[in-house]
Each structure stands twice: as structure tokens, then as C-alpha cells.
Amino acid sequence: MEIIDRALEFEQRRHTFKTTSERIESSREVKDLILSLNTVYKENKDPEIMDLMKRLTVIKQKIEKRLKGRP
């Protein structure tokens, strides 16, 4: 399960992004991970994969919140 290992590594990584391009790159990476995990989840129905997807979604939301900025 290479996808799960990549997702766990992303989750453990520090999320201090200095530039906007780093935030965009990270947001795209986590989106790709979530979609890949979703295809695995559809086959296995493993609740641990669902929990991992939820944690990654929270990280993604925080990144995108920083990208959008304040109104």
C-alpha cells in the first residue's frame, strides 16, 4: 500500500509553507492523495482509510484557507 504510506508521510510532514506556490503544490498533492485513497477505500471499505482521508481533508482545508486569504 504505497498510497497509504505516502499519505501517512504527508500527514507527519511539517506544514509551514513560505510561498504561495508551495501552498498550491501541497494542496494539489493532498488532493491527489485523498482521491487515490478514496479509490482504495471503495474496494476495501476499511474504516482506517476513511479516518486517514478525514485527517488529510482537515489539513487540505487549512491550506486552502490560507490560500484564499481574508475577504
Does some side-chain heavy atom of N44 sit less than 4.5 Å from a side-chain heavy atom of V40?
-> yes

Run the numbers on K42 and N38 for side chain to side chain contact (heavy atoms under 4.5 Å, CB included), then give the verdict.
-> CA-CA 6 Å; K42 286 179 183 178; N38 192 28; 3.8 Å; yes

Verify the neighbour count for atom CZ of R55: are there more than 12 heavy atoms of other residues, nucleotides or ligands below 6.0 Å?
-> yes

Do the side chains of M50 and D46 get nearer than 4.5 Å, heavy atoms only?
-> no

What distance separates R23 CZ from L67 CG, expressed to the nearest 0.5 Å?
-> 6.5 Å

Under 4.0 Å between a Lys/Arg side-chain N and an Asp/Glu carboxylate O for K60 and E64?
-> yes

Taking the side chain as every heavy atom from C-beta outward, state whether L8 and E11 have any atom pair closer than 4.5 Å.
-> yes

Interatomic distance, CD@Q61 vs OG@S27, rounded to 0.5 Å, equals 10.5 Å

OG of S36 to NZ of K31, rounded to nearest 0.5 Å, is 11.5 Å

Distance from I63 atom CD1 to E25 atom CD, nearest 0.5 Å?
-> 11.0 Å

Contact check, side chains of E29 and R13, non-hydrogen atoms, under 4.5 Å | yes

Heavy-atom count around E48 CD within 6.0 Å, excluding the residue itself: above 12?
-> no

Name of the residue among I4, L33, I34 meeting side-chain contact (heavy atoms from CB on, under 4.5 Å) with L52 = I4

Are T39 and E43 close enough that some pair of their side-chain heavy atoms sits under 4.5 Å apart?
-> no

